[in-house]
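For reference, the structure discussed in these notes is given below.
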Amino acid sequence: MSGKEFYAWLMKSEPSEVSVDDVLGMPEQTVGWFGVRNYQARNFMRDKCSTGDPVLFYHSSCKEPGIVGIGQIASDPYPDPTQFEINSVYFDPRSSEVKPRWVQVDVKVLYKVERISLQDLREIPECEGMQVLKKGNRLSITPVTEEQWDALKPHLHRLTD
DNA sequence: GCCAACGTTGGC
DNA sequence: GCCAACGTTGGC
């Protein structure tokens, strides 16, 4: 009853675009979470994410979807640069540098874990209420409560690379 | 590649 | 401001 509603974040990435290994190869093992073009997900980044919040790094739209890494929010929100890049698929002509529409935060990957598949996740009773498990869920960023995180902990098996 | 679900768009 | 059409997401 005491757990925080926005304790942690589940952040989806398509591994063909940015995989957990890609991020581990980046400077500071950190990536700007570019390309979010959904207002609800944007508002989470803009209003609710804080530096240091735990992150579940999730691979989606792939053969083996699931949680593959643990990280943390590593910056305040700032304008997503891809919205201004005319050749980017994320270009938004309705946005402007003066009044940016889309923001991102930096995400740092701390370590990889043995993949927790969607199926595994559904079998953890305390995780039943997780937004990512809800039917028709399409949000790329969803909050994870403190209770859900605690329930997940015993299932997180750190990999050593 | 299918298709259910849901967000966005735009005509009225 | 309604709502049908359309586009996108993402597991399967």
Side-chain angles (χ1 to χ4, degrees), chain A residues 5-26 31-49 53-73 77-109 112-145 147-149 151-157 159:
Chain A
E5 188 186 0
F6 300 113
Y7 177 77
W9 303 96
L10 184 142
M11 306 190 66
K12 288 186 201 169
S13 182
E14 301 188 15
S16 59
E17 184 146 34
V18 181
S19 74
V20 69
D21 287 314
D22 291 338
V23 181
L24 285 171
M26 291 177 185
V31 65
W33 211 261
F34 64 91
V36 171
R37 295 294 179 269
N38 169 284
Y39 289 103
Q40 242 185 302
R42 178 203 67 181
N43 293 348
F44 282 142
M45 290 197 287
R46 190 187 61 188
D47 306 329
K48 303 291 184 190
C49 291
D53 284 354
V55 167
L56 301 169
F57 196 106
Y58 181 96
H59 279 171
S60 72
S61 291
C62 59
K63 201 175 170 190
E64 298 184 317
I67 297 164
V68 293
I70 300 301
Q72 61 187 23
I73 303 294
Y78 60 97
D80 176 344
T82 62
Q83 70 195 302
F84 310 124
E85 292 166 11
I86 197 154
N87 292 321
S88 168
V89 290
Y90 298 115
F91 177 67
D92 185 351
R94 300 163 303 174
S95 188
S96 71
E97 307 241 7
V98 182
K99 217 182 162 191
R101 180 177 299 225
W102 306 109
V103 299
Q104 64 184 33
V105 294
D106 288 344
V107 173
K108 180 181 175 76
V109 172
K112 292 203 286 182
V113 293
E114 266 179 52
R115 187 174 63 95
I116 299 178
S117 69
L118 257 193
Q119 219 174 357
D120 297 337
L121 209 52
R122 289 188 201 284
E123 283 167 14
I124 303 171
E126 296 88 343
C127 291
E128 202 187 333
M130 281 179 69
Q131 266 199 44
V132 73
L133 298 181
K134 298 217 170 122
K135 195 174 179 182
N137 159 72
R138 288 170 48 187
L139 276 187
S140 55
I141 298 169
T142 51
V144 176
T145 67
E147 284 91 347
Q148 289 160 354
W149 182 272
L152 212 49
K153 262 189 204 163
H155 300 269
L156 298 172
H157 300 301
L159 296 176

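Quick note on labels: first sequence line is chain A, next is B, and so on, each numbered from 1. Heavy-atom basis, side chains included; hydrogens, waters and symmetry copies ignored. Quantities reported herein were computed from a predicted structural model and do not represent experimental measurements.
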> Asn38(A) CG to dA5(B) P: how many Å, rounded?
Replying inline: 18 Å
> Using the C1' atoms of five pairs at each end, what's the angle between the two axes of the helix from dG1(B)-dC12(C) to dC12(B)-dG1(C), to 10 degrees?
Replying inline: 10°
>> Can you measure Met11(A) atom CE to dT9(C) atom P for me and round it to whole angstrom units?
In response: 16 Å
> Got Phe44(A) and Val36(A) here, is their nearest side-chain heavy-atom distance under 4.5 Å?
Replying inline: no
>> Could you check whether any side-chain heavy atom of Phe57(A) comes within less than 4.5 Å of a side-chain heavy atom of Val113(A), counting everything from C-beta outward?
In response: no
> Taking CH2 from Trp102(A) and P from dG7(B), how many angstroms apart are they, rounded to a whole number?
Replying inline: 13 Å
>> For dG7(B) and Arg42(A) - does any side-chain N or O of the residue sit under 4.0 Å from the phosphate oxygens OP1/OP2?
In response: no
> Over how many whole Å does the gap from Leu133(A) atom CG to dT9(C) atom P extend?
Replying inline: 20 Å
>> Nearest 0.5 angstrom please: Thr142(A) OG1 to Lys12(A) NZ, how far?
In response: 7.0 Å
> Counting N and O atoms only, with roles assigned by atom type, does the side chain of Asp53(A) sit under 3.5 Å from a partner on the main chain of Val55(A), one being a donor and the other an acceptor?
Replying inline: no
>> Checking contacts here: which listed nucleotide (dG7(B), dG11(C), dT9(B)) is nearest the side-chain heavy atoms of Pro65(A)?
In response: dG11(C)
>> Counting only heavy atoms from other residues, nucleotides and ligands, does the tally under 6.0 Å from CD of Glu85(A) exceed 12?
In response: yes
> Sub-3.5 Å donor-acceptor pair from the side chain of Gln83(A) to the main-chain atoms of Arg101(A), do we have one?
Replying inline: yes
> Roughly, in whole Å, what's the span from CG in Asp120(A) to P in dG11(C)?
Replying inline: 14 Å
> Which one, dC6(B), dG11(C), dT8(B), comes nearest to the side chain of Arg138(A)?
Replying inline: dC6(B)
>> Using modelled atom types and a 3.5 Å cut-off, is there a donor and acceptor pairing between side-chain atoms of Gln148(A) and backbone atoms of Thr145(A)?
In response: yes
> Whole Å only: how far is the NZ atom of Lys134(A) from the P atom of dG11(C)?
Replying inline: 16 Å
>> Closest approach to the side chain of Gln40(A), judged atom by atom: which nucleotide of dC6(B), dG7(B), dG11(C) is it?
In response: dG7(B)
> Which one, dC6(B), dG7(B), dG11(C), comes nearest to the side chain of Tyr58(A)?
Replying inline: dG11(C)
> Of all the nucleotides listed (dG7(B), dC12(C), dA5(B)), which has the minimum atom distance to the side chain of Lys135(A)?
Replying inline: dA5(B)
